[in-house]
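Because the structure is predicted, anything quoted here is derived from the model rather than measured. Heavy atoms only: backbone and side chains are in, while hydrogens, waters and symmetry mates are out.
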Amino acid sequence: MPLDPEIASLVAAWNALDMPRIDSLSAAEWRARYAELERAKVDLPVVAEDRSLSGPGGPIRARLYRPDAREAVGAFLYLHGGGWVVGSIESHDERCRRIAHGASCIVVSIDYRLAPEHPYPAAVEDAYAAAEWLSAEAMKVGSTNARVAVGGDSAGGNLAAVVALMARDRAGPSFSSQVLVYPAVDHDLGRPSVMENAEGYLLSRDDMKWYIEQYVPNAIDRNDPYFAPLLAESLAGVAPALVITAGYDPLRDEGNAYAVRLEEAGVETEHHCYEGAVHGFLGWSHASAVARDAVDRIGAFLRRHLAT
């Protein structure tokens with residue numbers, strides 16, 4: 001299947017920026033560049049407020065979204081993408097507003113600690129701490145019930161999958177569901193989708209290698225299921241999942257494989273691959289019908305699983 005026409009136009013515009021190689025920039029320089037590129041705002045009836053949560057490495061900045069003039073049914077912890085190195089609650093503000101509005105739920109987005117200053121497992125421990133907080137506080141922050149879901153995109157999808165696995169292993173928060181959008185769940189750079197989409201589709205093979213090296217500098221840790229959940233011995237008992245992948249994404253095959261592993265483990269799983277899309281497409285709702293469909297799919301999934 002060819003690239004969706006709207007997606008193709010957006011990819012062409014991105015490629016025309018002639019971005020420098022990611023490994024030619026410092027983490028701070030790439031964060032600044034990423035923040036400029038991802039700055040998008042959307043006017044929706046959603047109320048947002050910033051707050052601070054207690055984390056294992058110090059305070060965690062968080063943003064809480066509530067649908068305006070509607071009851072919020074359940075709460076959703078959203079973990080932003082960015083290769084564990086870039087991204088913030090600002091870069092993913094539009095996505096969170098759209099999900100809060102579409103799902104009619106509380107959404108909480110956090111600034112977890114970033115690599116390379118804070119390597120693995122700092123990010124996932126922050127994410128887990130935020131999940132514990134939201135599980136305890138969901139009704140206090142405006143939800144009509146105590147049901148909580150966890151999700152994210154790309155590196156955030158990785159963190160969400162790992163948090164769901166940790167919750168099972170640690171007898172932690174009981175999640176109603178997990179939403180994994182083109183998640184990074186392994187470190188195998190030789191998969192067919194990695195080779196087919198190695199260049200020209202926003203996320204390159206070299207980018208993947210660089211991000212992994214920043215987040216998990218110790219190669220031994222890359223086989224830890226709390227980094228690469230696809231390598232977990234079993235996925236039985238984790239929360240029901242929505243897995244969204246993209247046809248022109250280097251992460252396509254590992255995301256598809258994770259959906260299969262979940263199904264084989266008896267986990268209720270909904271998987272949808274947007275064949276004409278690329279990595280990162282969820283952030284293009286302002287210009288892509290495919291992206292809007294994915295956001296709508298997430299909203300419907302959360303409404304179903306967060307309702308009492």
Side-chain angles (χ1 to χ4, degrees), residues 53-57 60-64 74-84 87 89 92 95-96 99 105-115 118-138 146-186 215-216 221 224-244 251 254-255 258-259 261-262 265 267-269 298 301-302 305-306:
L53 312 181
S54 178
I60 301 171
R61 184 184 176 214
R63 182 166 293 164
L64 191 150
F76 179 48
L77 175 64
Y78 191 87
L79 302 165
H80 70 77
W84 311 278
I89 60 178
H92 284 61
R95 267 158 275 199
C96 292
I99 292 170
C105 70
I106 298 291
V107 174
V108 173
S109 174
I110 66 165
D111 275 344
Y112 53 82
R113 286 172 290 171
L114 297 174
H118 303 285
Y120 172 82
V124 73
E125 291 293 356
D126 282 357
Y128 189 78
E132 288 188 307
W133 173 85
L134 187 56
S135 181
E137 300 291 322
R147 295 176 72 81
V148 172
V150 62
D153 64 284
S154 192
N158 166 273
L159 297 176
V162 172
V163 165
L165 194 60
M166 281 182 164
R168 180 201 68 181
D169 295 346
R170 298 178 180 180
S174 178
F175 296 116
S176 72
S177 52
Q178 56 181 315
V179 176
L180 312 178
V181 182
Y182 32 79
V185 290
D186 196 6
Y215 180 49
V216 195
D221 288 338
D224 187 334
Y226 288 167
F227 166 64
L230 188 60
L231 303 182
E233 183 176 344
S234 172
L235 297 178
V238 301
L242 169 63
V243 181
I244 290 176
L251 298 181
E254 61 193 79
Y258 200 68
R261 283 284 317 277
L262 288 166
V267 176
E268 179 188 341
T269 304
I298 292 168
F301 179 84
L302 287 173
H305 285 273
L306 289 175

Is a side-chain N or O of Arg261 found less than 3.5 angstrom from the main chain of Leu230, in a donor-acceptor match?
-> yes

- Do Asp221 side-chain atoms and Val216 backbone N/O form a donor-acceptor pair below 3.5 Å? no

Problem set entry | Plane angle bin for Phe227 and Tyr120 - parallel if under 30°, tilted between 30 and 60°, otherwise perpendicular | perpendicular

Distance col, row Leu77:CG vs Gln178:CD, nearest 0.5 angstrom, shows 12.0 Å

In this structure, OH of Tyr226 is separated from CG of Asn158 (nearest 0.5 Å) by 13.0 Å

Output for pair (Leu231 CG, Asp186 CG), nearest 0.5 Å, gives 5.0 Å

All heavy atoms of Ile60 vs all of Gly55, minimum pair found to be CD1-CA, 3.6 Å

Residue set satisfying side chain to side chain donor-acceptor pair (under 3.5 Å) with Glu125, at least two apart, ordered chain then number -> Arg170

Strictly distance-based, threshold 3.5 Å: is any side-chain N or O of Ser135 a donor or acceptor partner for the main-chain N or O of Trp133? no

Donor-acceptor contacts, no H, no angles, side chain residues 147-156, under 3.5 Å, sequence neighbours left out:
{"from": "Arg147", "atom 1": "NE", "to": "His305", "atom 2": "O", "distance (Å)": "2.9"}
{"from": "Arg147", "atom 1": "NE", "to": "Ala307", "atom 2": "O", "distance (Å)": "3.4"}
{"from": "Arg147", "atom 1": "NH2", "to": "His305", "atom 2": "O", "distance (Å)": "2.9"}
{"from": "Asp153", "atom 1": "OD1", "to": "Tyr78", "atom 2": "OH", "distance (Å)": "2.5"}
{"from": "Asp153", "atom 1": "OD1", "to": "Gly81", "atom 2": "N", "distance (Å)": "3.3"}
{"from": "Asp153", "atom 1": "OD1", "to": "His92", "atom 2": "NE2", "distance (Å)": "3.3"}
{"from": "Asp153", "atom 1": "OD2", "to": "His92", "atom 2": "NE2", "distance (Å)": "3.4"}
{"from": "Ser154", "atom 1": "OG", "to": "His279", "atom 2": "NE2", "distance (Å)": "2.8"}

The side chain to side chain donor-acceptor pair (under 3.5 Å) partners of Arg113 (sequence neighbours excluded) come to Asp126

Taken to the nearest 0.5 Å, the spacing of Arg63 CZ from Cys96 SG works out to 9.0 Å

